[in-house]
Amino acid sequence: MGNNNKTIYIETYGCQMNVVDSETVMAIMTAEGFGRADDALGADVVLLNTCSIREGAEQRIWHRLDELAAQKRRRPGMVLGLIGCMAERLAERIVAERPAVDIVAGPDAYRSLPMLVGEAFTGGGRGVNVELSKEETYAEISPVRLDPAGVSAFVAIMRGCNNFCSYCVVPYTRGRERSRDPETIVREARELFDAGYREVTLLGQNVNSYSHEEVDFPELLRRVAAISSLLRVRFATSHPKDISDRLLETMAATPNICRAIHLPAQSGSSHVLERMNRRYTREWYLERISAIRRAMPDAAISTDIIAGFSGETPEDHAATLSLMREVGYQFAFMFKYSEREGTRAAQTMPDDVPDEVKTARLEEIIALQNELSLDSNHRDVGREFEILVEGTSKRSADKVFGRTSQNKVVIVPRDDLRPGDYVRVRITDCSSATLQGEII
Ligand code: 5AD
Ligand code: SF4
């Protein structure tokens with residue numbers, strides 16, 4: 001202890017897993033007596049939880065680090081730390097080039113943060129721990145939710161990644177795949193439900209390969225969904241190569257497992273998929289889409305797409321557009337390929353699509369997805385859905401928003417609805433981003 005008056009602020013970049021990691025770090029630090037600060041300005045400890053997935057993500061963090069270093073010159077007592085993927089990847093460079101940074105800790109080193117922070121306060125020099133672990137899952141730590149009045153929370157079920165997609169830095173920053181003890185997962189989800197949460201999203205880089213002793217992913221989903229029919233269960237992310245019929249059967253048989261599957265395709269060209277080391281073809285992917293549709297005709301499917309990967313030809317790009325049309329995605333995250341040092345692609349495949357071609361292809365992909373999202377939303381007009389209310393609409397204080405099982409946002413009149421309520425609605429209108437509804 002001895003930290004009773006000290007406060008900590010954590011700023012989170014990157015993926016949903018990083019959100020949980022920040023909440024886990026907050027749990028570790030509050031257990032040591034630290035209080036939570038609302039912003040970086042007055043906090044005794046400021047941590048940036050960082051992302052390396054694309055060059056742009058890292059650029060933003062370098063800039064933010066410069067701002068915080070300037071702040072630290074005015075407030076020399078502040079302890080500044082970099083944690084997460086970029087800390088793992090660039091520890092040496094950060095230490096060499098950014099003297100304002102006191103602490104560098106990778107994704108498996110968060111239990112050592114109280115010690116590293118303590119040393120920084122007592123002038124013990126700069127602390128670095130970027131050791132990756134084969135076992136660490138922070139299993140018994142209940143994250144301190146950064147949105148305490150929330151309806152929806154993330155629960156990490158596994159860490160790391162063994163897939164080695166040729167473009168991706170994650171296997172290097174987060175280490176080998178390992179699954180968390182299912183009992184701790186179910187306990188955490190039950191505690192969230194008892195605290196008023198009505199939705200959990202089970203997180204892993206590749207949830208379909210979850211495996212802990214006799215429990216596989218469908219079994220884990222079944223156990224979490226059995227906590228209450230009022231608890232919605234979502235999950236992300238699924239790798240197309242391992243999305244099994246058993247998973248689809250479990251979903252179809254369990255109404256509170258949401259009808260939404262995020263199934264990143266990355267490309268519609270088998271040739272590009274091969275170079276990406278995705279280990280499926282376009283045909284395999286489309287067969288899995290058919291399997292989803294057979295099991296759950298009302299399921300929404302979303303994706304991630306990369307434009308301009310090494311060697312991508314105009315024909316490959318056209319194949320991506322045609323795949324998008326064929327699947328009719330409800331939603332997509334779309335990116336330009338960003339070469340990451342140390343990956344197989346960076347070592348063996350030239351980043352040979354010119355930036356202006358990447359930009360043009362990405363724009364086409366985004367324009368098509370807007371069209372597909374609008375089509376998908378139009379089809380919902382007139383239909384009825386149950387939504388879980390999350391909060392007040394950003395546009396209008398007398399409206400609330402919630403989500404359908406398919407993960408679409410619906411805006412409805414407030415009535416006397418409160419966050420966490422379920423209500424049946426009929427869709428009356430839509431844009432490409434949201435649905436408007438009336439209560440029925
Ligand atoms: N360049 C561009 N996008 C990438 N992604 C992962 N690595 C890269 C990269 N080097 C995208 C993939 C992945 C999502 C999380 O980020 O689409 O699914
Ligand atoms: Fe970014 Fe990937 Fe690390 Fe998440 S796992 S923080 S997306 S690099």
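Both counts, for ligands and for their atoms, begin at 1 and track the order of listing. All values below were derived from every heavy atom in this structure, side-chain atoms included, with hydrogens, water molecules and symmetry-related copies excluded.
Defined by atom type and a distance below 3.5 Å, a donor-acceptor pair is missing between the side-chain atoms of Asn49 and Asp21. Under the 3.5 Å distance criterion, with hydrogens and angles disregarded, no donor-acceptor pair is assigned to the side chains of Ser302 and Gln330. Thr237 and Gln205 form no side-chain donor-acceptor contact under 3.5 Å, judged by distance and modelled atom types alone. No side-chain N or O of Glu67 forms a donor-acceptor pair with one of Gln71 less than 3.5 Å apart. Looking only at atom types and distance, the side chain of Thr184 has a donor-acceptor partner in the side chain of Arg180 under 3.5 Å away.
Using 4.0 Å as the threshold, Asn49 has no heavy atom nearer than that to any atom of ligand 2. Taking 4.0 Å as the cut-off, Glu339 does not count as a neighbour of ligand 1 on heavy-atom distance. Residue contacts with ligand 2 leave out Gly84, since none of its heavy atoms falls under 4.0 Å from the ligand. Look at Gln16 and you'll find every heavy atom at least 4.0 Å from all atoms of ligand 2.
When hydrogens are left out, the protein atom nearest atom 7 (N) of ligand 1 is Tyr167 CD1, 3.3 Å; that is the closest non-hydrogen contact. Looking only at heavy atoms of the protein, atom 1 (Fe) of ligand 2 is closest to Cys51 SG, 2.3 Å. In terms of protein heavy atoms, atom 3 (Fe) of ligand 2 is closest to Cys85 SG, 2.2 Å. In terms of protein heavy-atom proximity, atom 4 (Fe) of ligand 2 is nearest to Cys15 SG, 2.2 Å. Scanning the protein for heavy atoms near atom 5 (S) of ligand 2, the closest one is Arg174 NE, 3.0 Å. For atom 15 (C) of ligand 1, the closest non-hydrogen atom on the protein side is Asp304 OD2, 3.9 Å. Scanning the protein for heavy atoms near atom 2 (C) of ligand 1, the closest one is Lys336 O, 3.3 Å. For atom 2 (Fe) of ligand 2, the closest heavy atom belonging to the protein is Val170 CG2, 3.0 Å.
When the heavy-atom distances from atom 8 (S) of ligand 2 to Thr12, Ile53, Thr50, Asn18 are ranked, the shortest goes to Ile53. Considering Met334, Glu55, Gln266 only, the shortest heavy-atom separation from atom 17 (O) of ligand 1 involves Gln266. Residue Arg54 holds the heavy atom nearest to atom 3 (N) of ligand 1 of all those in Arg54, Arg340, His262. Residue Ser338 holds the heavy atom nearest to atom 10 (N) of ligand 1 of all those in Pro264, Ser338, Gly56, Ala332.
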Handout entry: Full working for salt bridge (Lys or Arg N to Asp or Glu O under 4.0 Å) between Glu390 and Arg198
Key = CA-CA 10 Å; Glu390 289 184 25; Arg198 289 295 173 264; over 6 Å; no
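Counting non-hydrogen atoms of neighbouring residues, nucleotides and ligands closer than 6.0 angstrom, the CD atom of Glu183 reaches no more than 12 such neighbours.
Aromatic pair His262/Phe333: ring centres closer than 6.0 Å. With ring centers used as reference points, Phe164 lies under 6.0 Å from Tyr172.
Figure legend: cation-pi geometry between Arg60 and Tyr13 absent, as NZ or CZ is not positioned both under 6.0 Å from the six-membered ring centre and within 45° of its axis.
At a heavy-atom cutoff of 4.0 Å, ligand 2 is contacted by no atom of Met17, backbone or side chain. In Val169, neither the side chain nor the backbone holds a heavy atom less than 4.0 Å from any atom of ligand 1.
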